[in-house]
Amino acid sequence: MEIPKLNKLHGKLTIPGDKSISHRAVMFGALAQGTTRITHFLEGADCLSTISCFQAMGIHIQKNKDEVLVEGKGLHGLQAPLDILDVGNSGTTTRLISGILAGQDFTSRLTGDASICQRPMGRIITPLSLMGAQITSQNQNGCAPLTIQGGHLHGIHYQSPVASAQVKSCVLLAGMYADAPTSVTEPVLSRNHTELMLNYFGAQVTSKGTTAFILPQPDLKARYITVPGDISSAAYFIAAGLLVPGSEILLCNVGINPTRDGLLHVCQAMGGDITLLNVRNDGEPTADLLIKSSSLHGTEIKGEIIPTLIDEIPMIAVMAAFAEGTTVIRDAAELKVKESDRIQVMTDNLTRMGADVEALPDGMIIHGGKPLHGATIDSHKDHRIAMSFAVAGGICEGSLTITDGECVNISYPEFYTDLYSLL
Ligand code: S3P
């Protein structure tokens, strides 16, 4: 796919629904009593994988034009799937559904695409096994395909070695089925959508510092959910608006949960002109973001901010390559186990464009300001790599091509249409 040039972006855009929140709304809706109505649901391939997994377990889910209706059957209403569950490319589906399956009285199997079958699942197998589930990795490599024999779980305290909302959520969901309270402590706080939404559905979840606690749960109640725009999808437009000279764009309805908003702080530290308008809170804080083109400079990104911008690092790396001065990203080794090894893939592709980038075991050093030129970018079928380089390719000299550019459909099917609507 050859990438068009970007010039003076202007206009406004409503950002599609948050991927993390859309997944959770379907899952919790399926486990609730009654019909959960979800508006602004993200119709990306990952969230559709979650829907099809729950349909395969007997949950009726109807997609209308402006809403998704999930007819919940209660915590114990799932049916054993007849076939192996297909999670596609979705790490969130895999890890959260495993927590739910660990609480069921039946045996289930799940698998996904080539990327998902290489991503580490030991991080959920360990706590779920401690809780009493029997989980096996078919190829004995700690990855999917997984077989999960659930039921009779014990409450535990789990000290997670990684700051991961997927691990935390998996343990909390299993905790609903346990015989005693369950808690998870993570080294640094990760996104807290599960805690917020489970409470909204009537579960008893509390948080203190980096520990989340849940009580065994008799039942969840169906709810109405309006999904805010995904800040991880807004990231490409924030970057494009800042980088393309003469741009001014308004991004409407973007989630700005403090466990997700690290990108905004980094952009401001780099000299980006971003104004938050119409800040509101409907369970999740949201705002409209006014972005004006700015001259950016390098910054240092490390420590507790990392989980709050983990999915935005590919885009930040591109911004850093166009910015003046050096950007250092540390404490982000988790990037190696995302949909692709994002440290290596970003370093290789930016280097192809003429950038001065060094890969570190836990991040990157980017000496910005070198003139960047077109290249053939290997997306590794990673949606966030493709979208980051669609922005880079719109700004650099010469023509840039992205392999498997349609992989944006994982989280943002209308990405290219939306980007070029601002020209
Ligand atoms: C997600 C959590 C993050 C993030 C992923 C979505 C979630 O992963 O990278 O895109 O919805 O909980 P980790 O929890 O593995 O850090």
Side-chain angles (χ1 to χ4, degrees), residues 16-28 41-42 44-47 49-50 87-100 112 115-116 118-127 142-144 158 160-173 184-198 205 210 212 227-228 230-236 255 257 259-263 284 304-316 331-343 346 362 382-385 387-388 407-408 410-412:
D18 188 281
K19 181 157 79 71
S20 294
I21 296 174
S22 296
H23 280 298
R24 287 161 172 79
V26 169
M27 293 183 182
F28 306 170
F41 177 80
L42 173 66
D46 271 8
C47 299
S49 294
T50 289
V87 297
N89 186 248
S90 176
T92 307
T93 311
T94 313
R95 298 198 177 107
L96 270 62
I97 218 172
S98 296
I100 295 168
S115 157
I116 213 76
Q118 287 170 8
R119 295 182 65 185
M121 295 302 152
R123 54 181 61 195
I124 54 153
I125 295 175
T126 301
C143 301
Y158 186 59
S160 173
V162 280
S164 161
Q166 294 178 357
V167 172
K168 172 174 62 179
S169 303
C170 169
V171 176
L172 291 176
L173 288 166
V184 195
T185 300
E186 44 188 352
V188 176
L189 187 65
S190 65
R191 65 191 66 191
N192 65 355
H193 305 303
T194 294
E195 295 91 304
L196 293 179
M197 202 191 290
L198 273 181
V205 186
T210 63
V227 180
D230 196 329
I231 193 169
S232 300
S233 299
Y236 309 101
N257 179 316
T259 62
R260 293 285 299 281
D261 72 350
L263 172 71
E284 285 278 350
E304 290 186 359
I305 199 171
I306 292 294
T308 72
L309 47 68
I310 191 73
D311 291 342
E312 289 67 77
I313 292 179
M315 190 66 260
I316 290 172
D331 303 322
E334 276 295 297
L335 292 175
K336 295 168 100 59
V337 291
K338 295 293 179 188
E339 287 83 332
S340 68
D341 174 348
R342 289 183 176 159
I343 294 180
M346 286 309 299
D362 65 345
D382 180 337
H383 54 133
R384 302 208 187 279
I385 300 293
M387 290 188 275
S388 302
C407 64
V408 303
I410 291 292
S411 63
Y412 200 155

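Just so you know, ligand 1 is whichever comes first in the structure, and atom 1 is the first atom listed for that ligand. Since this is a predicted model, take the numbers as computed values, not measurements. We count residues from 1, following the sequence as given.
- The part of Arg191 lying near ligand 1 is the side chain, judged by heavy-atom distances below 4.0 Å.
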Going through the distances and angles, do Arg24 and Asp18 end up as a salt bridge (charged side-chain N to carboxylate O under 4.0 Å, His left out)? CA-CA 10 Å; Arg24 287 161 172 79; Asp18 188 281; over 6 Å; no
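- Scanning all protein heavy atoms for the shortest distance to atom 15 (O) of ligand 1 gives Ser164 OG, 3.2 Å.
- Ion pairing between a basic and an acidic side chain is recognised when a charged N comes within 4.0 Å of a carboxylate O; Asp46 and Lys19 show such pairing.
- Under the 4.0 Å criterion applied to side-chain N and carboxylate O atoms, Glu284 and Arg260 are not assigned as salt-bridge partners.
- Between the CG atom in Leu309 and the CG atom in Leu263 there is a gap of 7.0 Å [rounded to 0.5 Å].
- The Asp311 neighbourhood of ligand 1 comprises atoms 4 (C), 5 (C), 9 (O), 10 (O), with distances under 4.0 Å to a heavy atom of that residue.
- The N/O atoms of Gln166, backbone and side chain alike, include one that comes under 3.5 Å of an N/O atom in ligand 1.
- At a 4.0 Å heavy-atom cut-off, ligand 1 touches Lys338 through the side chain alone.
- We find the CD1-CZ distance between Ile385 and Arg342 to be 6.0 Å, quoted to the nearest 0.5 Å.
- For Arg24, every heavy-atom contact with ligand 1 shorter than 4.0 Å involves the side chain, none the backbone.
- No side-chain donor from either of Arg95 and Ser169 sits under 3.5 Å from a side-chain acceptor of the other.
- Close approach of ligand 1 to Ile310 (heavy-atom distance below 4.0 Å) involves ligand atoms 9 (O).
- Residues Lys168 and Glu195 are paired through a salt bridge, judged by an N-O separation under 4.0 Å between the basic side chain and the carboxylate.
- Looking at ligand 1, you'll find an N or O of Ala165 within less than 3.5 Å of one of its N or O atoms.
- Distance from atom 11 (O) of ligand 1 to its nearest protein heavy atom, with residue and atom name: Ser20 OG, 2.7 Å.
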